K.L.:
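Have a look at this one.
The shown structure was predicted, so the numbers you read here are calculated from the model rather than taken from an experiment. Chain naming here is simple, since letters A, B, ... match the order of the sequence lines and numbering starts at 1 in each. We use all heavy atoms of the structure for the numbers below, so side chains are in, but hydrogens, waters and symmetry mates are not.
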Amino acid sequence: MLSHDLLAWYADHRRDLPWRHTNDPYSIWVSEIMLQQTRVDTVLPYYKRFMARFPTAAALANATQEEVLKLWEGLGYYARARNLHRAAQIIVDRFDGHLPPLERELDRLPGIGRYTADALGAIAFDRDVLALEGNLRRVITRLFDLHLDPRLPEGEREIRRLGLTVMPPGRASEFNQALMDLGALICTPRAPACAECPIATHCIAHHNGTQEQLPFRKPRRPLPLRQSVAAVLHENERLLITRRPEAGLLGGLWGFPGGFITNGESNPLALSRVVKDQLGLEIVVDRPMPALSHTYTHFRAALQPFTCRVRSTSRHLRERGDVRWVKVEELDNVPMGKLDRMLATELERSPPWIAIAPPIERR
DNA sequence: GAGTCGTGGCC
DNA sequence: TGGCCAAGACT
């Protein structure tokens, strides 16, 4: 039987992961949020630090958002951290610090969608639900040789229906995680290791030789490039940083004032306008910027020292909660995205200047 | 339904 | 090396 073969393989080959050493729903929840669109190896050090600092929902709820973001810095998709923090506060206020066990309740919490609600239902609460994520979609698609796009509603419905037919009642936690490990270790997107697969004899795609072509995907549109600018403003030994809006790129993190350029403005003018809009500072640049390269992997090559003067600093800056002056060595103590950390590093070489960031390639 | 949101590893 | 992908959620 398929489930028997799968669970026997899982008993011998399951990955040893910190969140598999516990039945605590909070611990499993944190792992599920961190693992969204993020590889296990990337998550591990973040997870350990986070759980050491916030071992319970109450500990997380009592923290400041800034501290939560600081621990998340570098992990990406920062809305996850803000939503996790908010949800912890809701759980403390409305559920006495404990996650509700039903998917329809979990699904209402910020940052928890269909998948995470089902994963918690299955893994933390032993409920007979299928937690459909990338691995399960691919594995089930191949098992049944489905020629449907798994991301579209019709494909998802069919995957869920067929998956449930092979899930043994009462063992949803093991079964879901076994399929995840199978997808991560054996039934990989490219070059699946069918010779080592414990359920290859049950796999219709393997029988038909179609596993390499599945799951079917529509080609994606090419990604646009967007150009951004940032100002690095010195005052003696201090640097000006601002807190970014919660919505959008690197939301809630601290960084140098700046933004995306629109309408093909020349770079110095765009920078002047963005900084003026954000801070009320007049910036005077005294020579034009050179051409720039195309992705921020080439960031260092694109940086050009650039002399400038700040015409006026206004007192209202000091009163704004989203603006700070920090010493260079303190930059490590506020949550900033990677791009801005690179700017900070570059700044220490040749202050002061205004940096024009090359276009950001969206993914 | 399609865009947006990060980062790192892979070949 | 650049395009693709990874334990998705939200708008």
K.L.:
Looking across every strand, which nucleic acid part, if any, lies under 4.0 Å from A:W19 by heavy atom: base, sugar-phosphate, or nothing?
P.N.:
base

K.L.:
Under a plain distance cut-off of 3.5 Å, with no hydrogens placed, do A:R80 and A:T38 share a side-chain donor-acceptor pair?
P.N.:
yes

K.L.:
A:Q37 side chain N/O closer than 4.0 Å to the phosphate oxygens (OP1, OP2) of C:dA6?
P.N.:
no

K.L.:
Could I get the full list of salt bridge (charged side-chain N to carboxylate O under 4.0 Å, His left out) partners for A:E212, not counting sequence neighbours?
P.N.:
none

K.L.:
When only distance counts, do a donor and an acceptor, one from the side chain of A:T38 and one from the base of B:dG8, lie under 3.5 Å apart?
P.N.:
no

K.L.:
Side chain of A:L250, heavy atoms from C-beta onward: which of B:dG9, B:dG1, B:dT7 has the nearest atom to it?
P.N.:
B:dT7

K.L.:
Would you mind reading off the distance between A:R151 atom CZ and B:dT4 atom C1', rounded to a whole angstrom?
P.N.:
15 Å

K.L.:
Rounding to a whole Å, what distance do you find between A:L130:CG and C:dG8:P?
P.N.:
14 Å

K.L.:
Any side-chain N or O of A:R138 less than 4.0 Å from the OP1 or OP2 oxygen of C:dA6?
P.N.:
yes

K.L.:
Need to verify one output field. Residue with the more 5' nearest nucleotide on DNA chain B, A:L152 or A:G248?
P.N.:
A:L152

K.L.:
Produce the list of close N/O pairs, under 3.5 Å, pairing protein atoms with atoms of nucleotides 9-11 of chain C; give distances to one decimal.
P.N.:
unit_1	atom_1	unit_2	atom_2	d
C:dA9	OP1	A:G113	N	3.0
C:dA9	OP1	A:T116	N	3.0
C:dA9	OP1	A:T116	OG1	2.7
C:dA9	OP2	A:Y115	N	3.4
C:dC10	OP1	A:G111	N	2.3

K.L.:
Under a 4.0 Å N-O cut-off, is there an ion pair linking A:D181 with A:R15?
P.N.:
yes

K.L.:
Check this for me, if you would: do A:R324 and A:E66 make a salt bridge, where the nitrogen-to-carboxylate-oxygen distance has to be below 4.0 angstrom?
P.N.:
yes

K.L.:
What's the gap between C:dG2 and B:dC5 when it is taken at their P atoms, as a whole Å value?
P.N.:
23 Å

K.L.:
Decide, yes or no, whether a salt bridge links A:E330 with A:K327 under the criterion of side-chain N to carboxylate O below 4.0 Å.
P.N.:
no

K.L.:
Counting only side-chain N and O atoms of A:Y78, is one of them less than 4.0 Å from OP1 or OP2 of B:dT7?
P.N.:
yes

K.L.:
Identify the residue among A:V166, A:I186, A:L6 that makes a side chain to side chain contact (heavy atoms under 4.5 Å, CB included) with A:I199.
P.N.:
A:L6

K.L.:
Just by distance, with hydrogens left out, do A:E32 and A:Y115 show a side-chain donor and acceptor under 3.5 Å apart?
P.N.:
yes

K.L.:
Tell me what A:L132 touches on the nucleic acid: a base, only sugar-phosphate, or nothing, going by heavy atoms under 4.0 Å.
P.N.:
nothing

K.L.:
Just to be sure I follow the notation: if a pair is Watson-Crick (purine N1 to pyrimidine N3 plus N6-O4 or O6-N4) or a G-U wobble (N1-O2 and O6-N3), each under 3.5 Å, what dot-bracket string does DNA chain C give, with | for pairs to another strand?
P.N.:
.|||||.||||

K.L.:
Measuring from the side chain of A:R39 (C-beta onward, heavy atoms only), which nucleotide among C:dC5, B:dC5, B:dG1 has the closest atom?
P.N.:
C:dC5

K.L.:
At under 4.0 Å between heavy atoms, what does A:G183 touch on the DNA or RNA strands: base, sugar-phosphate, or nothing?
P.N.:
nothing

K.L.:
Please determine if A:E73 and A:K70 form a salt bridge, counting it only when a charged side-chain N lies under 4.0 Å from a carboxylate O.
P.N.:
yes

K.L.:
Would you find more than 12 non-hydrogen atoms of other residues, nucleotides or ligands less than 6.0 Å from A:H147 atom NE2?
P.N.:
yes

K.L.:
Below 3.5 Å, does any donor atom in the side chain of A:R190 face an acceptor in the base of B:dC11, or the other way round?
P.N.:
no

K.L.:
Once you round it to whole Å, what is the distance between C1' of B:dC5 and CD1 of A:I33?
P.N.:
15 Å

K.L.:
Look at all strands and tell whether A:R20 reaches a base, only sugar-phosphate, or nothing, counting heavy atoms closer than 4.0 Å.
P.N.:
base

